[in-house]
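Here is the structure we will look at, set down as structure tokens.
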Amino acid sequence: DTGVSQNPRHKITKRGQNVTFRCDPISEHNRLYWYRQTLGQGPEFLTYFQNEAQLEKSRLLSDRFSAERPKGSFSTLEIQRTEQGDSAMYLCASSLAADTQYFGPGTRLTVL
Amino acid sequence: AQSVTQLDSHVSVSEGTPVLLRCNYSSSYSPSLFWYVQHPNKGLQLLLKYTSAATLVKGINGFEAEFKKSETSFHLTKPSAHMSDAAEYFCVVSPFGYNKLIFGAGTRLAVHP
């Protein structure tokens, strides 16, 4: 399967710990996006990369959040000093230029 | 500002009857519009998209949607519901020149035998 993959699928952590998620996009896609989905809501945009450059960040992305895409392939999303309000599904998507975005299965984060 | 309103949070239909999921959008520029479906424990899957070509858009699994600029609507329909259609459906707008998707709150479709 050559779709978007995300790891881990589930993460449980204690408040105050740091967590890191990984996204592997479809191989020929140059754009990569991160979204967050809380229970009962639609996904909300967090940030996006074109190749290795981070071109846009949402105001939802506080300074505890950092995303990287060092070689223009996979991306990581790190959350420092997690809070209970960070509990959500974190979704990654990729696209070829401004074409259709294809989503991964998501990483469900639970902060205790 | 760009936004999407899904008019029903829950829709329940019987198998074999028509499905209508309603969506209104607000966008300053000519938008692209999408419907995505999310099955439990699965990723978001694109059903169909409108990008300023034909106003009636056909998607996968027998779904279609009609873009009505005068009503700022993009409702999703299917003539005959199947049990496997039970899922969460999201109406999505991507304003022209933007890269992010703006999702509605979702409509949960239940299909009863």
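Letters A, B, ... mirror the listed sequences (proteins, then strands); counts begin at 1.
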| request: Scan side-chain atoms only and decide if Tyr35(A) and Gln101(A) contain a donor-acceptor pair under the 3.5 Å cut-off. | output: yes
| request: Could you tell me which of Val4(B), Leu46(B), Leu101(B) has the largest number of non-hydrogen atom pairs under 4.5 Å with chain A? | output: Leu101(B)
| request: Side chain from CB out, backbone as N, CA, C, O: work out which of these in Leu91(A) comes under 4.5 Å of a heavy atom of chain B, or both, or neither. | output: side chain
| Mutual orientation of the aromatic rings belonging to Phe103(A) and Tyr36(B) [parallel < 30°, tilted 30-60°, perpendicular > 60°] | perpendicular
| If you round to the nearest 0.5 Å, how far is CZ of Phe65(A) from CH2 of Trp34(A)? | 11.5 Å
| said: If you count heavy-atom pairs within less than 4.5 Å of chain B, which of Gln41(A), Gln37(A), Arg108(A) leads? | reply: Gln37(A)
| So which part of Lys100(B) gets closer than 4.5 Å to some heavy atom of chain A, the side chain, the backbone, both or neither? | both
| query | Under a 4.5 Å heavy-atom cut-off, does chain A meet the side chain of Gln38(B), its backbone, both or neither? | reply | side chain
| said: Under a 3.5 Å cutoff, is there a donor and acceptor pairing between the side chains of Gln80(A) and Arg64(A)? | reply: no
| Parallel, tilted or perpendicular: rings of Tyr89(B) and Phe63(B) (30°, 60°) | tilted
